[in-house]
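We name chains A, B, ... by the order of the sequence lines, and we start the count at 1 in each one. What you see is a predicted model; the values in this text were computed from it and never measured.
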Protein chains: 2
Amino acid sequence: MTVWDRPEPPTRPVPLDRERIVAAAVALADEGGLEAVSLRKVAARLNAGPMRLYGYISTKQELFDLMVDEVYAEILPEEQPGDWREALSALAHRTRRAALRHEWLADLLGGRPTLGPNGLAVAETTLAALDGIADVDTGMRAVETLSAYFTGAIRREIANLRAERATGLSKRDWQHASGPHVTRMLATGRFPALAKAVYDGTDVDAEASFATGLDWVLDAVAAKLTRP
Amino acid sequence: MTVWDRPEPPTRPVPLDRERIVAAAVALADEGGLEAVSLRKVAARLNAGPMRLYGYISTKQELFDLMVDEVYAEILPEEQPGDWREALSALAHRTRRAALRHEWLADLLGGRPTLGPNGLAVAETTLAALDGIADVDTGMRAVETLSAYFTGAIRREIANLRAERATGLSKRDWQHASGPHVTRMLATGRFPALAKAVYDGTDVDAEASFATGLDWVLDAVAAKLTRP
DNA sequence: GAAGGGGAAATACAGTGTATCGACATGATG
DNA sequence: CATCATGTCGATACACTGTATTTCCCCTTC
């Protein structure tokens, strides 16, 4: 019996771990959004059967949790600046940039408590930045308020970005010329304040808007820190 | 040929409109969350075939948009108080309470631009509250900042609420005693600031936390309004 | 060599959003 | 009154989803 007659030994299944799985899922989501992530496609990308993933996660939600924590690794700053304000500001901006790299993050942000190692690490360094500056309670309140702000702001920014992309219109064009529905509504005169805002408002770019809102919130935090 | 032999005339299809459809969808979502909303189930609740809905909406996303706008009708205040600060605060609290009544709103909040009639009406009254107090640009920035805050805060609150419900543990219990994963992580000593926050922090109820964060942001807005 | 165990894969199921198509009640027209 | 066009509704179909269950086969251990 020659070599040719003997069948090749069966290919061992490719080794798997959460890291690989999450990487595949993130890649899929980066390319086609969250809805492009299906267990079948993730598994296929790893040359594995779908059910194999259930050894590493027990539900699709858990895969999302892992994906979010993976991105928190990008958000975690390598070294902390001394100033608490810089630290918090950096956290906000890093989160925003991460969401711009992985737009699907906006869909998940704030959706579930972040209990993964990187999420906890981010929480740690954030709270640590306020250590000694404020008592525990005001510190927590500050972090919560700030993160509520940038979570919401990021979500809105991504939402607008998608809307512009979908209609093919820049925000300015959309407001001024085309955007049939909104234009028609504004023309009814039932929304004078809104109309004024839309037509008289100077359009600032998203980053600047994010930054000024952030500054306001940081100002508020600063005011509470100094006065216990 | 008697009456009994003749078949009854065919039952006319039940009349339908967006209002009925949205009401059915909202009811479904209130009972079982957003994932309980399927076009088939919505249609079934209206004694109609699934495909019939496509005369009124062209995609499931649009149904969600209509649902959100429906809730904005609850958020819209009946009469506006004079003070801008009261007005903005009321908007935030009304949105929060709406989300507590319809928890699925948290999943949709900030996810897409709100262009429905009620959403626009809310935007209108909100901007109107700042009319004369601030120039257009700072007014918009104020509204955006504030709504980013409460959007994020509401999402987190609902997320925590669900997590507590799922584990059957109150936040306090979860942090202190059981919650194996978090407890173990904190015990490693790698998260000292976080551990201090968890163990030394006094737990305030969600509404109070929401309100203080809101006050901070409103303070910040007030500071920017007075000083142009 | 035989038996057992464990993990991967195949199959199965109930459900999803949406496209397509056939039938049929209705209103217009002869 | 008969016929035809029209438009709408429902049935069917399709590709896909998350997940439970079953089947199978390789490796280890006697």
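- By the neighbour-count criterion of 12 heavy atoms within 6.0 Å, atom CD of A:E62 is densely surrounded, having more than that number from other residues, nucleotides or ligands.
- One finds a side-chain N or O of A:K41 lying less than 4.0 angstrom from the OP1 or OP2 phosphate oxygen of D:dT17.
- The distance from atom CG of B:N47 to atom P of D:dG10 is 10 Å, rounded to the nearest whole Å.
- If you take CG of A:L63 and C1' of D:dT19, they are 14 Å apart, rounded to a whole angstrom.
- Not a single side chain to side chain donor-acceptor pair (under 3.5 Å) links A:T151 to another residue, sequence neighbours left out.
- Residue-level contact check: A:V37 touches the backbone only, with heavy atoms under 4.0 Å from sugar-phosphate atoms and none from bases.
- The six-membered or imidazole ring of B:F210 lies near that of B:H93, with a centre-to-centre distance under 6.0 Å.
- For B:R52 and D:dG10, a side-chain-to-base donor-acceptor distance below 3.5 Å is absent, hydrogens and geometry of angles not being considered.
- Between the CD1 atom of B:I75 and the CD atom of B:E70 there is a distance of 11.5 Å, given to the nearest 0.5 Å.
- For B:L16 and D:dG7, the CG to P distance is 20 Å, given to the nearest whole Å.
- To the nearest angstrom, C1' of C:dT20 lies 13 Å from OH of B:Y54.
- For D:dC16, neither phosphate oxygen OP1 nor OP2 lies less than 4.0 angstrom from any side-chain nitrogen or oxygen of A:S38.
- If you take CZ of B:R40 and P of D:dA11, they are 12 Å apart, rounded to a whole angstrom.
- Between B:G49 and A:S58, it is B:G49 whose nearest contact on DNA chain D lies nearer the 5' terminus.
- Atom-to-atom, CG of B:L39 to P of D:dC9 comes out at 16 Å; the value is rounded to the nearest Å.
- Taking atom CG of residue B:L28 and atom P of nucleotide C:dG15, one finds them 14 Å apart after rounding to whole Å.
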